[in-house]
Amino acid sequence: MIANPSTKYSTFQPVPLVDRQWPNRIVSQPPIWMSTDLRDGNQSLFEPMNAEKKMRMFKMLCEIGFKEIEIAFPSASETEFGFVRSLIDGGHIPADVTIEVLTQAREHLIGRTFESLKGARKAIVHVYNATSKTFRENVFNMSKAEVVQMAVDAVKLIRAHADAMPETEITLEYSPELFTATELDFALEVCDAVTAAWGATPQRKVILNLPTTVEIATPNIYADQIEWMHRNLARRDSVIISLHPHNDRGTAVAAAELGLMAGADRVEGCLFGNGERTGNVDLVTVALNMYTQGVHPGLDFSDINAVARTFEHCNQLPIHPRHPYVGDLVFTAFSGSHQDAIKKGFSAQKAEEEWTVPYLPIDPADVGRSYDSVIRVNSQSGKGGIAYLMETEHGVVMPRRLQVEFSGVVQQHTDAHGGEVSAEGIWAMFAKTYLDASAPIHYREHHLFEQGGNQGIRLNIDIDGVPHLLTGEGNGPINAAVHALQSAGIAIQVRSYEERSMVPMGEDGNARACAFMEIAGRQSGECYGVGVDSNIVTASIKALLSGVNRLGAAQMRESQSKAA
């Protein structure tokens, strides 16, 4: 049986911030983005990236627009050290991109880290040590004063190395690891000591990274902690507050967003949220959340499929099909009511107006996704989704009652066979049901003529395999054709008629006529017939015969002998 949580776990106490400001703020500009895909993300993989994959990932991050990229923990292994050297020696680092490297607060590791950076134009050296009570007392057996001194000594050593390497512009980043579990007054003490030891100025800022190394409370608590630090830090104008949310509680995105509202300037994370345990914050989601609120994130995700495929290749990790904005099914609706709303939303959406399509918080085209995967059909689908695919894939804009009728045909198929039906499969069902029916009546040709102010028609058809030449007159070609069929004992009425051009999406100049005819028989109810042809009259005649065949003309024929 599961343990009693009230005795096993303690409640994290709220921050004493009575006049908090962040709940009334919005994110109105993008933060400084820092990708740690090549370091934090890489160390969490079953099989860490090799040099080729790391290089491919680095170049993609640059193309997306990241200006700060944490590339390695160079003192950890020769592989990590060698990758830093390959970027520098190979001239792969764009002039506007700053590489970042991580080191623990130990003298020999800091020295090795600076060896890896020789020849770089600029770099961020990221140093950290744990500050929480549990680590001080149970892991390192250190006092608060010793923890502060460890951080200060590391910073002074980094400054000495930086001064000895003037050809490289060095920025300091310091992380009080386990920040969210550290007493706030002590976290402040350590951070202020670090900025003093570095000699932080508005021209030489220190990045103070305040991580949720492990998520231990709700995102609002993290926002309170960030705002408290934002208000109380010494030399605030000389500090960049950075966020590094992990996802242990599944709320890293919320923590990042609220942290930015609370005064932070920078966000660290991985593209799709991989990292130790449950991962780092998902930068794609944070950035595109911002985009849907009218704020350009400064990152280019206009070809999100290419980003996703490169990520999967380099990390050997799949992206969930329902991942926000990116998953293969995220712009896909199977639900009939959703499909109907989306179809109507697309029809009403104007290019110059604010995006308001139901169920789609972002225009799929903005991230390089096409509409052809927005709606897909299975047993849960309805007429709206089917109609959308028929319109976008094949240019067939069905009348509403035909949508209802044909959705029953598709539903019957999906109930019987299960699974999903493709747009091609739906078209095949439509053609079989409406366009290919040639029994009992098979159309051959027709000829129109004028007769005393009326429209006349000679209709050449086969009925049950027997050739017939029927003649009829009426106030138009359709009425004349109805009378011609009646002369053969096929009694029908036309209830409604619509015609539209048929131009599949992406095609120009290939329009054909599509006629829809709702007809009723004397005993067989009502149904739709559909005809397609380059000539509208021919399409109309085909639609009429399609409806007759679907009603069952053989049963409606009144034999002359029976009539006698």
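This chain uses plain numbering: 1 for the first residue, then up along the sequence.
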Mind checking whether His161 and Phe114 have parallel, tilted or perpendicular rings, split at 30° and 60°?
-> parallel
Got a sec, which residues hit side chain to side chain contact (heavy atoms under 4.5 Å, CB included) with Pro16, two or more places apart in sequence or on another chain?
-> none
Only residue of Thr131, Asn129, Val147 satisfying side chain to side chain contact (heavy atoms under 4.5 Å, CB included) with Met142 is Val147
Would you give the length of the straight line joining atom CG of Asp163 to atom CD1 of Ile170, rounded to the nearest 0.5 angstrom?
-> 10.0 Å
Does the ring center of Phe58 lie less than 6.0 Å from the ring center of His92?
-> no
Can you measure from CG (Leu17) to CG (Asp224) and round to the nearest 0.5 angstrom?
-> 5.0 Å
Does atom CZ of Arg236 have more than 12 heavy-atom neighbours from other groups under 6.0 Å away?
-> yes
Heavy-atom count around Asn138 CG within 6.0 Å, excluding the residue itself: above 12?
-> yes
CA sep, side-chain torsions, deciding dist, call: Thr212, His244, side-chain hydrogen bond (donor to acceptor under 3.5 Å, both in side chains) | CA-CA 6 Å; Thr212 60; His244 187 114; over 6 Å; no
On the 0 to 90° scale, with breaks at 30° and 60°, tag the Phe179-Tyr222 ring pair as parallel, tilted or perpendicular.
-> perpendicular
Please report the C-alpha distance between Glu107 and Lys156 in whole Å, then the side-chain angles of each, then the deciding distance to 0.1 Å, and finally whether the salt bridge (charged side-chain N to carboxylate O under 4.0 Å, His left out) criterion is met.
-> CA-CA 10 Å; Glu107 181 176 358; Lys156 288 180 177 178; over 6 Å; no
How would you list, by chain and number, every residue that makes a side chain to side chain contact (heavy atoms under 4.5 Å, CB included) with Thr213, sequence neighbours excluded?
-> Glu177, Leu178, Pro211
NE2 of His246 to CD of Glu215: how many Å apart, nearest 0.5 Å?
-> 9.5 Å
When rounded to the nearest 0.5 angstrom, what is the spacing between CG in Asn232 and CG in Asp185?
-> 10.0 Å
So which pairs with a foot in residues 139-151 pass salt bridge (charged side-chain N to carboxylate O under 4.0 Å, His left out), sequence neighbours left out?
-> none
Pairs in or reaching into residues 50-60: which pass salt bridge (charged side-chain N to carboxylate O under 4.0 Å, His left out), with residues at least two apart or in two chains?
-> Lys54-Glu80
Does Asp303 use its side chain to pair, donor to acceptor, with the backbone of Gly368 at less than 3.5 Å?
-> no
Which residue pairs satisfy the salt bridge (charged side-chain N to carboxylate O under 4.0 Å, His left out) criterion with at least one member in residues 267-283, sequence neighbours excluded?
-> Asp248-Arg277, Arg266-Glu268
Report the residues that fulfil side chain to side chain contact (heavy atoms under 4.5 Å, CB included) with Ala262, sequence neighbours left out, ordered by chain and then residue number.
-> Trp22, Ala223, Ile226, Glu227
Above 12 or not: heavy atoms from other molecules or residues under 6.0 Å from CD of Glu169?
-> no
Looking at CD of Glu173 and CD1 of Ile240, how far apart are the two atoms once the value is rounded to the nearest 0.5 Å?
-> 9.0 Å
Looking at Arg231 and Asp19, does any basic side-chain N land under 4.0 Å from a carboxylate oxygen?
-> yes
For a side chain to side chain contact (heavy atoms under 4.5 Å, CB included) with Val253, tell me which candidate from Leu283, Leu258, Asn247, Thr285 qualifies.
-> Thr285
Below 4.5 Å, heavy atoms only, C-beta onward: do Tyr174 and Val190 meet side chain to side chain?
-> yes
Give a yes or no on whether Glu47 atom CD has more than 12 heavy-atom contacts from other residues, nucleotides or ligands under 6.0 Å away.
-> no
